[in-house]
Chemist: 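Sharing a structure with you now.
Sequence lines set the chain letters: A, B, ... in the order given, protein chains first and strands last, and positions in each chain run from 1. Keep in mind it's a predicted model, so treat the numbers as computed, not measured.
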Amino acid sequence: MSDNEHKNDNPNKNNKKNKNKKKIDRFEKERLKKLEVIEELGHDPWGQRFDDHMKIAQARELAPAENGETGQDVRIAGRIMNRRKAGKLRFYDLKDWSGRIQLLFSRGELPEEQWSLMGQLDMGDIIGIDGKLKRTDSGEISVFVEKLTILCKSLTQPPEKHHGLKDPEILVRQRYLDLIANDDVIPRMLNRTKIIDSIRQTLKGKDFHEVETPVLHAIAGGAAARPFLTHHNTLDMELFLRIAPELHLKRLMVGGIERVFEIGRVFRNEGVDTTHNPEFTMIEIYQAYGDYNSMMDLTEEIVCNAIDTISDTRVLPWGDQTVDFNSPWSRKTYTELFEEHAGCDMNDHEAVLKLAKELHFETDGVHHDVIVNEIFEEKVEDHLVGPVFVIDYPASLCPLTKRKKGCPEIAERFELFIQGMELANAYTELNDPRLQEELFETQLSGLSDEDSMAKMDTDFVKALKVGMPPAGGLGIGIDRLVMLLTNKTSIRDIIFFPLVRSEEGPNSKKSDKK
RNA sequence: GAGAGCGUAGCUCAGCUGGUAGAGCAACGGACUUUUAAUCCGUAGGUCCAGGGUUCGAUCCCCUGCGCUCUCACCA
């Protein structure tokens, strides 16, 4: 990337920047004045380590039950979210990552110096408090402040206290403001962490071992997607960001690691929308001596355990509907679902062609199974409210999957659908190196290179020749799982920093002036 | 990548076929010792996303660019 690409800012951006700078000054100036007073009073406006404080949620639990009782001494820390005045009393709302609590400063009870220090506080400042737990006349749990410690002066104006922050652009670009202003964001994102923790726990309890494999791939295999391209300078080597960890994990099974999984980021150079982010987190799990049936059981267990860590019930809300995750989940074959929703036998070529024409699909020179799959995606997937395992796919669509015994046109593959979303994908893994090599070479007519999962990887075939045990393999899209379990229809709500167009650096379109 | 919509004060939002802008909260000054979206009085705060065009005059109409949102396409 050349320098002039960066310097080539358009006038719009410069203006915006200048405008912002001018506007910020007005509020920043006021706060800088207070910062100076804080220093004059002998305090560090940027604070120091603050030991032995408790979570606000914990403090709330220790509060006395009745008005008039004096509770224990507590030390807490957090950010000022709101404040109210009533005569010589000041009420502040303090927030930490566990919750909120009210502070009460009383002119009559605080030393003069502390009262002046309090006068320099603004919304958004981070402070530490020592005080006593009590209730106010109206019964509100409060910390009656005895000592105020400045931990960090905030120089910017926080978002509106009642309506919060709504602008979807600011929410994502400045996620920290979203976290501060909207109280549901931290618990939701911590639920994401809990779900991932639970998955690890389930797997570790079954003797699966977590590993890390390369993100930089010479061949972007293991899935059908367009990769991101990058370059290694000293090796002068073209590299891809991985689109799936599959082929490396299988190499590990060749080497004798029998139960293995990886949770990691994969990258797909595709469109961005409410269910797709260019980088997303997936887990892939491989179990030697298993098959896709073992993976179905495992999927149910992983998801149900995850639900149990964040919910008391396995019937979860999804928009205005609910999803019942109670076991067992239904299992239906691709063939029967096709017949049920598309209305014809998927092996009846004439009927399939007719249907495809009605749907205005291109059929000339396109492989029968590719047409069938397009119809499946159009007519069937929306009906898969689930949870439902769709099993036994047309083999030609699955170049990494073992064929059903005695049934070479069917692959032992399942996909898990919930509310029409594809959540998991699993195979009985193909371990026949000769068939694998053949399938890598077979490009289905009508599929473009990048739409095909079959990318020749001779090193992988070499590995299979050494011998990989029969195995089940499973991939789960973590982001979508979190969306489903937390009732969020946009992937942007469960990824801290989803991709957004850069605000400053111009993209290549704008930089072709020179 | 295609189409539609949106961009007004720090934040949330009003703004009538076109006559250069308002509210609430926040800020600043003041009153008030149990408030909790506190209340009351006062003050200040704007390149109406950017550039160009039409017009006597543009936040408003037209064109271009940037960004966001939604729908569709590709994909998980």
Side-chain angles (χ1 to χ4, degrees), chain A residues 9-20 22-31 33-34 67-68 81-93 100-109 122-124 134-142 144 155-173 177 180-181 223-226 243-244 266-282 377 381 415-417 421-425 448 450-451 475-481 483 490-492 500-504 506-507 509-510:
Chain A
D9 286 352
N10 65 32
N12 162 26
K13 303 287 166 153
N14 284 334
N15 278 344
K16 199 169 182 183
K17 223 182 266 175
N18 292 340
K19 193 172 112 185
N20 284 346
K22 198 172 152 194
K23 284 177 185 170
I24 286 166
D25 278 348
R26 187 174 120 225
F27 295 100
E28 193 171 325
K29 233 169 121 184
E30 292 292 340
R31 286 168 180 248
K33 277 197 321 214
K34 293 177 186 171
N67 295 5
M81 298 304 291
N82 197 5
R83 52 178 175 172
R84 298 169 290 281
K85 295 190 204 177
K88 297 290 184 280
L89 294 179
R90 298 289 185 276
F91 298 92
Y92 281 69
D93 291 339
R100 291 188 186 222
I101 198 166
Q102 175 171 276
L103 309 176
L104 189 152
F105 294 81
S106 167
R107 175 96 210 221
E109 318 235 338
D122 285 302
M123 304 244 272
K134 287 187 195 174
R135 285 176 186 267
T136 57
D137 289 355
S138 55
E140 178 77 22
I141 294 171
S142 309
F144 283 55
L155 296 181
T156 64
Q157 197 67 0
E160 210 261 354
K161 65 184 179 188
H162 182 58
H163 297 93
L165 193 61
K166 288 184 179 169
D167 182 341
E169 188 174 353
I170 301 179
L171 292 182
V172 169
R173 285 193 195 276
L177 293 180
I180 290 166
R226 300 167 66 182
I243 58 172
V266 299
F267 306 85
R268 298 189 183 177
N269 207 339
E270 314 272 358
V272 177
D273 63 32
T274 47
T275 52
H276 296 85
N277 195 54
E279 54 177 302
F280 62 102
T281 303
M282 73 182 286
E377 286 171 3
E381 286 190 358
E415 289 193 293
L416 171 63
F417 282 89
M421 261 204 285
E422 188 191 330
L423 204 79
N425 185 14
S448 66
E450 55 211 14
D451 290 339
I476 300 174
I478 298 289
D479 308 281
R480 290 196 175 169
L481 179 65
M483 284 167 68
S490 172
I491 201 167
R492 295 177 155 227
V500 273
R501 235 178 273 264
S502 75
E503 244 179 337
E504 294 181 5
N507 63 33
K509 224 194 270 175
K510 289 182 276 172

Chemist: Taking the C1' atom of each, how far is B:C60 from B:U54, in whole Å?
Modeler: 14 Å

Chemist: Does the side chain of A:Arg100 reach to within under 4.5 Å of the side chain of A:Met81, using non-hydrogen atoms?
Modeler: yes

Chemist: Phosphate oxygens OP1/OP2 of B:U69: is one of them under 4.0 Å from a side-chain N or O of A:Arg492?
Modeler: yes

Chemist: Could you pick out which residue, A:Met123 or A:Glu422, lies toward the 5' side of RNA chain B when each is mapped onto its nearest nucleotide?
Modeler: A:Met123

Chemist: Checking base pairs now: Watson-Crick or wobble, both atom distances under 3.5 Å. What partners B:A58?
Modeler: none

Chemist: Starting at NZ of A:Lys161 and ending at P of B:U35, how long is that distance when rounded to a whole Å?
Modeler: 15 Å

Chemist: Which nucleotide wins on minimum distance to the side chain of A:Ile491, given the candidates B:A76, B:C68, B:U12?
Modeler: B:A76

Chemist: Would you indicate which nucleotide in B:C68, B:A27, B:A73 comes nearest to any side-chain atom of A:Gln157?
Modeler: B:A27

Chemist: I need the NZ-C1' distance between A:Lys85 and B:A37, as an integer number of Å.
Modeler: 17 Å

Chemist: P atom, B:A58 versus B:G51: distance in rounded Å?
Modeler: 14 Å

Chemist: Taking any heavy-atom pair under 4.0 Å as a contact, classify A:Ile170: base, sugar-phosphate, or nothing.
Modeler: sugar-phosphate

Chemist: Nearest to the side chain of A:Ala224, heavy atoms from C-beta on, is which of B:A76, B:C28, B:U35?
Modeler: B:A76

Chemist: Passes salt bridge (Lys or Arg N to Asp or Glu O under 4.0 Å), A:Asp122 versus A:Lys34? Steps please.
Modeler: CA-CA 9 Å; A:Asp122 285 302; A:Lys34 293 177 186 171; 2.5 Å; yes

Chemist: Show your working on salt bridge (Lys or Arg N to Asp or Glu O under 4.0 Å) between A:Arg31 and A:Glu28 and close with a plain yes or no.
Modeler: CA-CA 5 Å; A:Arg31 286 168 180 248; A:Glu28 193 171 325; over 6 Å; no

Chemist: In whole Å, what separates the P atom of B:U17 from that of B:G29?
Modeler: 43 Å

Chemist: Within this structure, what is the CD-to-P distance between A:Glu160 and B:A14, rounded to whole angstrom?
Modeler: 14 Å

Chemist: In whole angstrom, give me the gap between the C1' atoms of B:G18 and B:U12.
Modeler: 28 Å

Chemist: If we call it a pair only when both distances are under 3.5 Å in a Watson-Crick or G-U wobble match, what pairs with B:A14?
Modeler: none

Chemist: Could you give me the CA-CA distance, side-chain angles and deciding distance for A:Asn82 and A:Met123, then say whether side-chain contact (heavy atoms from CB on, under 4.5 Å) is met?
Modeler: CA-CA 6 Å; A:Asn82 197 5; A:Met123 304 244 272; 4.3 Å; yes

Chemist: Heavy atoms under 4.0 Å, any strand shown: does A:Gly477 hit a base, just sugar-phosphate, or nothing?
Modeler: nothing

Chemist: Nearest to the side chain of A:Ser142, which nucleotide is it out of B:A27, B:U35, B:U69?
Modeler: B:U35

Chemist: Does the A:Asp479 side chain pair with the main chain of A:Thr281, one donor and one acceptor, at a distance under 3.5 Å?
Modeler: yes

Chemist: Would you mind classifying the nucleic acid contact of A:Lys134 as base, sugar-phosphate or nothing, using non-hydrogen atoms under 4.0 angstrom?
Modeler: nothing

Chemist: Under 4.0 angstrom, heavy atoms only, what part of the nucleic acid is A:Gly164 near: base, sugar-phosphate, or nothing?
Modeler: sugar-phosphate

Chemist: Which whole-number value in Å describes the distance from A:Tyr92 OH to B:A38 P?
Modeler: 13 Å

Chemist: Check the pair A:Glu279 / A:Val266 against side-chain contact (heavy atoms from CB on, under 4.5 Å), numbers first and verdict last.
Modeler: CA-CA 6 Å; A:Glu279 54 177 302; A:Val266 299; over 6 Å; no

Chemist: Does the side-chain ring of A:Phe27 lie flat on the base of B:A27, meaning centres under 5.5 Å and planes less than 30 degrees apart?
Modeler: no

Chemist: Is A:Asn67 touching bases, backbone alone, or none of the nucleic acid, heavy atoms closer than 4.0 Å?
Modeler: nothing

Chemist: C1' atom, B:G24 versus B:C61: distance in rounded Å?
Modeler: 31 Å

Chemist: Let me know, please, whether A:Leu104 or A:Pro158 comes out on the 5' side of the other along RNA chain B by nearest nucleotide.
Modeler: A:Pro158

Chemist: Considering residues, nucleotides and ligands other than A:Glu109, do more than 12 of their heavy atoms fall under 6.0 Å from its CD?
Modeler: no

Chemist: Find the partner of B:A73: check Watson-Crick (N1-N3 plus N6-O4 or O6-N4) and G-U wobble (N1-O2, O6-N3) distances, both under 3.5 Å, and reply none if neither fits.
Modeler: none

Chemist: Per the atom types in the model, does the base of B:U35 pair as donor or acceptor with the side chain of A:Gln102 at under 3.5 Å?
Modeler: yes

Chemist: To the nearest Å, give me how far apart NZ (A:Lys29) and P (B:G45) are.
Modeler: 12 Å

Chemist: Find the distance A:Glu169:CD to B:C66:C1' and express it as a whole number of Å.
Modeler: 10 Å

Chemist: Give a yes/no on whether any side-chain N or O of A:Asn82 is located under 4.0 angstrom from OP1 or OP2 of B:A38.
Modeler: yes

Chemist: In the structure shown, which nucleotide is the Watson-Crick or G-U wobble counterpart of B:G5, with both distances under 3.5 Å?
Modeler: B:C68

Chemist: So, OP1 or OP2 of B:C6: does either fall under 4.0 Å of a side-chain N or O from A:Lys166?
Modeler: no

Chemist: Using OP1 and OP2 only, check whether a side-chain N or O of A:Arg26 sits under 4.0 Å from B:G10.
Modeler: yes

Chemist: Please state the P separation for the pair B:U43 and B:A23 - nearest whole angstrom.
Modeler: 11 Å

Chemist: Touch check for A:Thr274, heavy atoms < 4.0 angstrom, all strands: base, sugar-phosphate only, or nothing?
Modeler: sugar-phosphate

Chemist: Which nucleotide in the set B:U34, B:A26, B:A37 lies at the smallest distance from any side-chain heavy atom of A:His162?
Modeler: B:A37

Chemist: Let me know the distance between CG of A:Asp167 and C1' of B:C49, rounded to the nearest Å.
Modeler: 12 Å

Chemist: Give the nucleotide from the list B:C28, B:U35, B:G10 with an atom nearest to the side chain of A:Glu30.
Modeler: B:C28

Chemist: Atom CG of A:Leu171 and atom C1' of B:U69: how far apart are they, to the nearest Å?
Modeler: 12 Å

Chemist: Are OP1 or OP2 of B:A76 and a side-chain N or O of A:Arg226 less than 4.0 angstrom apart?
Modeler: no

Chemist: For B:U34, give the paired nucleotide (Watson-Crick: N1-N3 plus N6-O4 or O6-N4; G-U: N1-O2 and O6-N3; both under 3.5 Å), or none.
Modeler: none

Chemist: Any strand is fair game: report the nucleotide pairing with B:U43 by Watson-Crick or G-U wobble, both distances under 3.5 Å, or none.
Modeler: B:A27

Chemist: Can you see which heavy atom on A:Asn425 is nearest to which on A:Glu415, and at what distance?
Modeler: OD1-CG, 3.6 Å

Chemist: Please state the C1' separation for the pair B:C49 and B:G7 - nearest whole angstrom.
Modeler: 6 Å

Chemist: Classify A:Arg83 by what it touches in the nucleic acid, base, sugar-phosphate, or nothing, heavy-atom distance under 4.0 Å.
Modeler: sugar-phosphate

Chemist: Can you tell me, in whole Å, how much space there is between the C1' of B:G57 and that of B:C66?
Modeler: 28 Å

Chemist: Give the C-alpha distance, both sets of side-chain angles, the deciding distance and a yes or no for side-chain hydrogen bond (donor to acceptor under 3.5 Å, both in side chains) between A:Gln102 and A:Arg84.
Modeler: CA-CA 10 Å; A:Gln102 175 171 276; A:Arg84 298 169 290 281; 2.8 Å; yes

Chemist: Under 4.0 Å from OP1 or OP2 of B:C74: is there any side-chain N or O of A:Arg268 that close?
Modeler: no

Chemist: Please tell me if A:Arg84 has a side-chain N or O lying less than 4.0 Å from either OP1 or OP2 of B:A38.
Modeler: yes

